[in-house]
*Asks:* 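To start, I am sharing the structure in question, which I have written as structure tokens.
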Protein chains: 2
Amino acid sequence: MAESKSKSNPNPADAPKAVVGRLSLYLRELQHLVRDGHETISSTRLGKILGFSDAQVRKDLAYFGQFGYPGIGYRCHELIHAIKQIFGTDRQWPVAIIGTGNLGRALVGYKGFDNQGFKIVAAFDIDPAKVGGAIEEAPIHHLDDLERIVQEKQIKLAIIAVPASAAQSVADRLGASGIDGILNFAPVTVTAPPNASMVGVDLAIEMEQLTFDVVKRSGEKK
Amino acid sequence: MAESKSKSNPNPADAPKAVVGRLSLYLRELQHLVRDGHETISSTRLGKILGFSDAQVRKDLAYFGQFGYPGIGYRCHELIHAIKQIFGTDRQWPVAIIGTGNLGRALVGYKGFDNQGFKIVAAFDIDPAKVGGAIEEAPIHHLDDLERIVQEKQIKLAIIAVPASAAQSVADRLGASGIDGILNFAPVTVTAPPNASMVGVDLAIEMEQLTFDVVKRSGEKK
DNA sequence: TAGATTGTTAATCGATTAACAATC
DNA sequence: TAGATTGTTAATCGATTAACAATC
């Protein structure tokens, strides 16, 4: 019954996936702009850099609030702060990683996570030779200790970097441990546990998207 | 003037990006289905597994041809073959990787690439201590030898795994060397060289997409 | 034949773009 | 004030869904 919002005030939760994806690109670009000494940026310029229209930039941001100044544009620092709040990355999230093969180890050491608000605080494996060790600062625990460590360290996010065959069962265990979000690198369709969100990244699929474009071009140019 | 195609025959090159993305998911799922012994699959079942409608599956595939059998569904093997042809991954693509840090090394060893038609045949770095070595089977060359090796090994695809600050200049050099497609892991906006396609993967951005969902949910549930 | 399922058309839905009054 | 630029509405464009004749 507390229905008082102005009619034309899109709700952030209604933002389409595509908009949220671009929001990340805006944030990344704004951070580069600040490093280059820019105080403000217009929707036209920001769009040009990223290959979007000025209208799209403004519309996208309008889902989340009114951040701009007519005649001026957007103040970079201010907008960065606002977007980080939207993503929840104005604070640091402790993250668990499951699987310490090539990819898992590389992800633990990936500096881009730290910079953007993610800190990998624990790794898990089932190989007794690895358990007890550590990668960078993160201790490697046995997967059987997942629930305990997740509780102790208040971990809400996890990264799956195990073979495809193990991915679903790991996802289920993560759900049972109370994890809220899972980033899945295993190249397989995994059903998200109830109450958890999931994002999948398949590296071979990204390559396929590329070859499709390359093959398409070579067909046209012939 | 050889304009004889039936009017309702969508051109593969017209397929929206979203459709091509799902095509990769269909391929991946079909491969799993074959491994599980399935001969055929209906659009309804395939859609259900991936969370799409039956109509969407059929419409997506229709961009590329008529692959189904009314009353039967799609023959898995046949459809896999057709999709691989569309992506050009019915043959093996030699791939170069630039940057042999944590991520670069992990990508060279990533088995998912081999399985899907990509073989990393050369790595590049500018660190004299690394040049001359090798990762798995791939020799590490100096970046200055890029053009020569690309020609010799007929490399068409490259992966950028260098720091953000170096990404654009590496992309430019790749373009100058005649590379057709670039998969960029550096967390920065990179402009594709003329005549080359580019796909970007930003791992921190994928995590952000996840936290957005997690934050959204926690807001709703309160 | 009856049942299953496709490919395609038309209807619906959603996202992007264009335009402009309001604002600094 | 004149110039720049926003937020928002309406118009356009594109993608998804529903429905169904055709087919096995």
*Asks:* Pairs under 3.5 angstrom, nitrogen or oxygen only, protein versus nucleotides 1-4 of chain D, please.
*Replies:*
none

*Asks:* Once you round it to whole Å, what is the distance between C1' of C/dT6 and CG of B/L61?
*Replies:*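 For the pair B/L61 CG and C/dT6 C1', the rounded distance is 11 Å.
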*Asks:* What residues, two or more places apart in sequence or in another chain, satisfy side chain to side chain donor-acceptor pair (under 3.5 Å) together with A/H32?
*Replies:*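 Testing A/H32 for side chain to side chain donor-acceptor pair (under 3.5 Å), a comparison that skips the adjacent residues, returns none.
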*Asks:* Measure CG/B/N11 against C1'/C/dT8 and give the value in whole Å, please.
*Replies:*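 Those two atoms, CG and C1', are 17 Å apart.
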*Asks:* Can you list everything that forms a side chain to side chain donor-acceptor pair (under 3.5 Å) with B/D172? Sequence neighbours excluded, please.
*Replies:*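 For B/D172 the side chain to side chain donor-acceptor pair (under 3.5 Å) partners, ignoring immediate neighbours, are B/Q168.
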*Asks:* To the nearest angstrom, how far is A/L79 atom CG from D/dG7 atom C1'?
*Replies:*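 Going from A/L79 (CG) to D/dG7 (C1'), I get 14 Å.
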*Asks:* Just jot down the salt bridge (charged side-chain N to carboxylate O under 4.0 Å, His left out) partners of B/D202, sequence neighbours excluded, or say none.
*Replies:*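 A/R28.
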*Asks:* Expected output check: what is the dot-bracket annotation of DNA chain D, where ( ) and [ ] are pairs inside the strand (brackets for crossing ones), | is paired with another strand, and pairs are Watson-Crick or G-U under 3.5 Å?
*Replies:* ..||||||||||||||||||||||
*Asks:* From CG of A/D54 over to C1' of D/dG7, roughly how many Å is that when rounded to an integer?
*Replies:*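 It works out to 12 Å between those atoms.
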*Asks:* Is the shortest heavy-atom distance from the side chain of A/F52 to the side chain of A/L46 under 4.5 Å?
*Replies:*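 Heavy-atom side-chain distance check fails, nothing below 4.5 Å.
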*Asks:* Give the rounded distance in Å between these two atoms: CZ of B/F67 and C1' of D/dT23.
*Replies:*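 It works out to 18 Å between those atoms.
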*Asks:* When the nearest nucleotide of DNA chain D is assigned to A/I41 and to B/Y69 on a heavy-atom basis, which residue is associated with the more 5' position?
*Replies:*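 Its nearest nucleotide lies further toward 5', so the answer is A/I41.
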*Asks:* Looking at every strand, decide which applies to B/S43 at a 4.0 Å heavy-atom threshold: base, sugar-phosphate, or nothing.
*Replies:*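 Touches sugar-phosphate only.
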*Asks:* Do you know which two heavy atoms are closest between A/V162 and A/A186, and how far apart they sit?
*Replies:*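 The pair with the smallest heavy-atom distance is O-CB, 3.6 Å.
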*Asks:* For the pair made of CG in B/D14 and P in D/dG14, what is the distance, rounded to whole Å?
*Replies:*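 After rounding, the gap between these two atoms is 11 Å.
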*Asks:* Among residues 16-37 of chain A, which residues get a heavy atom nearer than 4.0 Å to DNA chain D?
*Replies:*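 Residues of residues 16-37 of chain A under 4.0 Å from DNA chain D: none.
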*Asks:* According to side-chain hydrogen bond (donor to acceptor under 3.5 Å, both in side chains), does anything in residues 83-97 of chain A pair up with another residue at least two apart or in another chain? List the pairs.
*Replies:*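 Passing the test, one end in residues 83-97 of chain A: A/H81-A/Q85.
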*Asks:* Compare every heavy atom of B/I155 with every heavy atom of B/P94, then report the nearest pair and how far apart it is.
*Replies:*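 Shortest heavy-atom separation between B/P94 and B/I155 comes out as O-CG2, 3.7 Å.
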*Asks:* Which nucleotide wins on minimum distance to the side chain of B/Q66, given the candidates D/dG7, D/dT6, C/dG7?
*Replies:*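 Taking heavy atoms from C-beta onward, the closest nucleotide is C/dG7.
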*Asks:* Enumerate, atom names and distances included, each donor-acceptor pair closer than 3.5 Å involving a side-chain atom of residues 65-75 of chain B, sequence neighbours excluded.
*Replies:*
residue : atom : partner : partner atom : Å
B/Y69   : OH   : B/E78   : OE1          : 3.0
B/Y69   : OH   : B/E78   : OE2          : 2.7

*Asks:* Counting just side-chain N and O atoms, does A/Y74 come under 4.0 Å of either OP1 or OP2 of D/dG7?
*Replies:*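 It does, given that an N or O in the side chain of A/Y74 lies less than 4.0 Å from OP1 or OP2 of D/dG7.
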*Asks:* List the atom pairs, donor and acceptor, that lie under 3.5 Å between side-chain atoms in residues 14-24 of chain B and the rest of the protein, sequence neighbours left out.
*Replies:*
residue : atom : partner : partner atom : Å
B/R22   : NE   : B/D60   : OD2          : 2.6
B/R22   : NH2  : B/D60   : OD1          : 3.0
B/R22   : NH2  : B/D60   : OD2          : 3.4
B/S24   : OG   : A/E208  : OE1          : 2.5
B/S24   : OG   : A/Q209  : NE2          : 3.0

*Asks:* Within the 4.5 Å heavy-atom criterion, are A/P12 and A/F64 side-chain neighbours or not?
*Replies:*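 Contact flag for A/P12/A/F64 side chains = yes.
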*Asks:* Donor-acceptor pairs are to be reported for all side-chain atoms of residues 33-43 of chain B against protein atoms at under 3.5 Å, with residues two or more places apart or in another chain.
*Replies:*
residue : atom : partner : partner atom : Å
B/H38   : ND1  : B/L33   : O            : 3.3
B/H38   : NE2  : B/R45   : NH2          : 3.3
B/S42   : OG   : B/R45   : N            : 3.2
B/S43   : OG   : B/R58   : NH1          : 2.9

*Asks:* Less than 4.5 Å apart, side chain to side chain, heavy atoms only: is that true for A/P193 and A/I182?
*Replies:*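 Heavy-atom side-chain distance check passes, below 4.5 Å.
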*Asks:* Closest approach of B/A192 and B/M198, non-hydrogen atoms and distance?
*Replies:*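 For B/A192 versus B/M198, the nearest heavy atoms are N-CE, 3.5 Å.
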*Asks:* Please report, rounded to the nearest Å, how far the C1' atom of D/dG7 is from the CZ atom of A/F64.
*Replies:*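 Rounding to the nearest Å, CZ of A/F64 and C1' of D/dG7 are 15 Å apart.
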*Asks:* Are any protein N/O atoms closer than 3.5 Å to N/O atoms in nucleotides 17-19 of chain C? If there are, list each pair with its distance.
*Replies:*
residue : atom : partner : partner atom : Å
C/dT17  : OP2  : A/S53   : OG           : 3.2
C/dA19  : N6   : A/R58   : NH2          : 3.3

*Asks:* Could you give the CD-to-C1' distance, from A/E78 to D/dT6, as a whole number of Å?
*Replies:*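 Nearest whole value for this atom pair: 14 Å.
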*Asks:* Listed by chain and number, what are the salt bridge (charged side-chain N to carboxylate O under 4.0 Å, His left out) partners of B/K153, not counting sequence neighbours?
*Replies:*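 Here no residue qualifies.
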